[in-house]
J.: 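Take this structure first; my questions come after.
What you see below is based on every heavy atom in this structure, not just the backbone, and it leaves out hydrogens, waters and symmetry mates.
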Amino acid sequence: MTQAPSPQAVVIVGAGPAGASLAMLLAERGVPVTLVEAARDFQRQFRGEGLMPSGLAALEAMGCGPLLARLPQRTLSAWSFQLHGRELFRVEEPLEGDRPCTLISQPALLDALLERASRASGFQWRPGLAVVDLIEAGGRITGVVLSDGSRLAASLVVATDGRSSLVRQRSGLELERQSSPIDLLWFRLPSHPRFERDNVFTMLLGEDGSACSLFHGALPGELQLGWVLSPGERIERSPQAWGEAFAAMAPGWLADHLLQVAPAISSPLKLSVQVGCCRRWHRPGLLLLGDASHPMSPIRAQGINMALRDAIVATNHLLAPLLADDAAAIDSSLDQIQAQRWPEIRRAQALQQQEARQAQLLRRTPLLRRGLVQLAPWLGERIGHSWRQRQIPLRQGLASVQLTV
């Protein structure tokens, strides 16, 4: 009797949404998987929380519906655009269908995906260890070197280690960067009862062109606020001064709250926005996914949603060649994964750029802002309808993604 080949081992570098979900899917289907993560836990200051309908559908396709129901979360009730302290328009959630944008604690989500993956006998978890180099033999990546000096052999290395991916840098695969008109400062501050009842994602644009957005995050009692910077811009203010800057852009009730909680505003975390896409996502024995291959703009929270969809497509193509111990088929599948994901990623980035350009036009054109404020009673609803229609493709996904294995 011919003995069946042993499944091929996979090393996944980076336990963000793409890495954790791919590890879970492959391990549950019989593939030996080692998931390596440089951090010891998931409690870093900023992790994106916005799950659009496409991301929620991806998690449900993975069988994570019951898991999601147990996690800290809040749905958005609407989107509001405020110019000079007055509302231009408000659009209710859900924008389409029956799935509203949902904010889920990403550390809690990653812990839950990891816990489920750990039930598979072939899964290994290696936290607190960074990958410092790749192992190569005969033109093929055959493993990784860890920060403790140990070496992990693999028939496939998958890099999901984020926008500054060290694996990408070591591999020679180049990121083609796109210009980004913004960076962000990210703050946390105490919530207001109105956000508890009506969690509106609120975008504020001040008379001096300053811009920020705020909303109630997944955790109780906490607002998150993103302040828009021009690339390279530096602003240093005391918490009280930040509260005054936020309040100057807000309607009365919110301005009062922002001034009241100013002493409790967190120190800002600067998020340097990096956008781009690798022309090639793979080499023999190596695949880049998520932000490692296509860092997304923060506009409409596409990073986490695209990462989950990447994991589904990768599982569909990789499972059979990994189980069959077929290195040539594994390498062939890498090109198929990129070919399937490329059109959606590029189209989503183009739509994000479009949104960014319109926002920049508003920030830089005082006359346009003043005109919109004056015309808001007559044009606000029409502008809101146009905005809503532009968001739907980014929310629903721009390609069909189904888990088929």
Side-chain angles (χ1 to χ4, degrees), residues 7-27 29 31-37 58 117 123 126 131 133-145 152-176 276-296 303 306-346 399 401 403-405:
Q8 293 288 283
V10 175
V11 170
I12 299 176
V13 183
S21 57
L22 178 63
M24 178 192 74
L25 291 170
L26 291 177
R29 287 156 177 78
V31 176
V33 175
T34 301
L35 180 59
V36 180
E37 168 56 50
F123 176 76
R126 303 290 298 275
V131 168
D133 210 349
L134 297 172
I135 303 169
E136 185 172 347
R140 194 171 196 279
I141 303 301
T142 58
V144 298
V145 181
L152 294 177
S155 293
L156 177 65
V157 174
V158 182
T160 53
D161 53 338
R163 59 190 61 238
S164 299
S165 171
L166 185 138
V167 174
R168 183 184 68 222
Q169 296 171 37
R170 292 286 189 268
S171 73
L173 296 170
E174 294 186 5
L175 178 68
E176 295 185 357
C277 192
C278 292
R279 181 64 58 179
R280 188 172 177 84
W281 298 7
H282 55 88
R283 288 181 49 190
L286 173 68
L287 172 66
L288 309 181
L289 286 180
D291 277 349
S293 57
H294 52 77
M296 308 294 289
M306 291 297 172
L308 294 168
R309 291 161 73 80
D310 282 359
I312 287 178
V313 171
T315 300
N316 289 341
H317 288 284
L318 288 171
L319 184 62
L322 287 169
L323 292 177
D325 187 15
D326 187 337
I330 292 170
D331 292 342
S332 177
S333 72
L334 307 183
D335 193 54
Q336 296 167 14
I337 293 165
Q338 180 178 348
Q340 185 174 344
R341 295 300 297 136
W342 178 272
E344 179 174 46
I345 296 301
R346 299 300 283 171
V401 171
L403 186 62
T404 58
V405 294

J.: Using the side chain to side chain contact (heavy atoms under 4.5 Å, CB included) criterion, which residues pair with Thr34? Sequence neighbours excluded.
T.: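 Side chain to side chain contact (heavy atoms under 4.5 Å, CB included) list for Thr34, sorted by chain: Val11, Val36, Gln124, Arg126, Leu152.
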J.: Taking the six-membered ring for Trp, are His294 and Trp342 ring centroids under 6.0 Å apart?
T.: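 No, the ring of His294 stays outside the 6.0 Å limit from the ring of Trp342, centre to centre.
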J.: Quick check against the 3.5 Å criterion: does Asp326 have a side-chain atom that pairs as donor or acceptor with the backbone of Pro321?
T.: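 Not at all, since once roles are kept as given, no pair shorter than 3.5 Å links the two residues.
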J.: With rounding to the nearest 0.5 Å, note down the distance linking CD1 in Ile12 to CE in Met24.
T.: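 Answer rounded to 0.5 Å: 11.0 Å.
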J.: How many angstroms lie between atom CD of Gln340 and atom OG of Ser333, to the nearest 0.5 angstrom?
T.: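 It is 11.5 Å, given to the nearest 0.5 Å.
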J.: Can a donor-acceptor pair be found, under 3.5 Å and without considering hydrogens, that links the side chain of Ser21 to the backbone of Pro17?
T.: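 Judged by distance alone, yes, a pair lies under 3.5 Å.
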J.: Locate the shortest heavy-atom distance separating Ala314 from Leu289; write the atom from each residue and the value.
T.: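 Result for this residue pair: CB-CD1, 3.8 Å.
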J.: If every non-hydrogen atom of Asp161 is compared with every non-hydrogen atom of Ala292, which pair is closest and at what distance?
T.: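 That closest heavy-atom pairing would be OD1-CB, 3.9 Å.
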J.: How long is the straight-line distance from CG of Leu173 back to CG of Leu286, given to the nearest 0.5 Å?
T.: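 So the gap between those two atoms works out to 6.0 Å.
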J.: Which pair of non-hydrogen atoms, one from Leu35 and one from Ala15, has the smallest distance, and what is that distance?
T.: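 Residues Leu35 and Ala15, closest heavy atoms: CD2-CB, 3.8 Å.
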J.: How many angstroms lie between atom OG of Ser171 and atom CZ of Arg280, to the nearest 0.5 angstrom?
T.: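 Ser171 OG to Arg280 CZ: 11.0 Å, rounded to 0.5 Å.
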J.: Any side-chain heavy-atom pair from Val31 and Leu323 closer than 4.5 angstrom?
T.: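 Yes, at least one pair of side-chain atoms sits under 4.5 Å.
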J.: If you look at every heavy atom in Arg309 and Ala58, which pair is closest and at what distance?
T.: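 Closest pair (atom of Arg309, atom of Ala58, distance): CG-CB, 4.4 Å.
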J.: When you compare the side chain of Leu318 with that of Ile337, does any pair of heavy atoms fall below 4.5 Å?
T.: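 Side chain of Ile337 against side chain of Leu318, heavy atoms only: contact under 4.5 Å found.
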J.: Indicate yes or no: at least one non-hydrogen side-chain atom of Val158 is less than 4.5 angstrom from one of Val10.
T.: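 Yes; the side chains approach each other to less than 4.5 Å.
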J.: Between the side chains of Asp331 and His282, is a donor N or O closer than 3.5 angstrom to an acceptor N or O?
T.: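 There is no such pair (donor and acceptor under 3.5 Å, judged by atom type) between the side chains of Asp331 and His282.
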J.: About how many Å separate CG of Leu322 and NE2 of His317, when rounded to the nearest 0.5 Å?
T.: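 Interatomic distance, His317 NE2 to Leu322 CG, rounded to 0.5 Å: 13.0 Å.
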J.: How close do Thr160 and Ala18 get, counting heavy atoms only, and between which atoms?
T.: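 Shortest heavy-atom separation between Thr160 and Ala18 comes out as CG2-CB, 3.9 Å.
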J.: What heavy-atom pair brings Gly285 and Leu334 nearest, and what distance separates the two atoms?
T.: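 In this case the closest contact between Gly285 and Leu334 is N-CD1, 4.3 Å.
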J.: Residues in side chain to side chain contact (heavy atoms under 4.5 Å, CB included) with Ala20, at least two apart?
T.: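 Residues passing side chain to side chain contact (heavy atoms under 4.5 Å, CB included) with Ala20: Leu110, Leu113.
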J.: Evaluate side chain to side chain contact (heavy atoms under 4.5 Å, CB included) for Thr315 paired with Arg29, printing each intermediate quantity in order.
T.: CA-CA 10 Å; Thr315 300; Arg29 287 156 177 78; 4.2 Å; yes
J.: Got a sec, which residues hit salt bridge (Lys or Arg N to Asp or Glu O under 4.0 Å) with Glu136, two or more places apart in sequence or on another chain?
T.: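 Partners of Glu136 by the salt bridge (Lys or Arg N to Asp or Glu O under 4.0 Å) criterion, ordered by chain and then number, come out as Arg283.
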J.: In terms of side-chain geometry, is the basic nitrogen of Arg279 or Glu174 positioned less than 4.0 Å from the acidic oxygen of its partner?
T.: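 The answer is no: the pair does not qualify as a salt bridge.
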J.: Evaluate Trp281 against Ile345 for side chain to side chain contact (heavy atoms under 4.5 Å, CB included), listing each step before the verdict.
T.: CA-CA 12 Å; Trp281 298 7; Ile345 296 301; 4.1 Å; yes
J.: Dump the intermediate steps for side chain to side chain contact (heavy atoms under 4.5 Å, CB included) on Arg168 and Cys278, then the final yes or no.
T.: CA-CA 9 Å; Arg168 183 184 68 222; Cys278 292; 3.6 Å; yes
J.: Please determine whether side chain to side chain contact (heavy atoms under 4.5 Å, CB included) holds for the pair Leu26 and Leu22, giving the CA-CA distance in whole Å, both sets of side-chain angles, and the decisive distance to 0.1 Å.
T.: CA-CA 6 Å; Leu26 291 177; Leu22 178 63; 3.8 Å; yes
J.: Can you measure from CE (Met296) to CZ (Arg163) and round to the nearest 0.5 angstrom?
T.: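 CZ of Arg163 is found 9.5 Å from CE of Met296.
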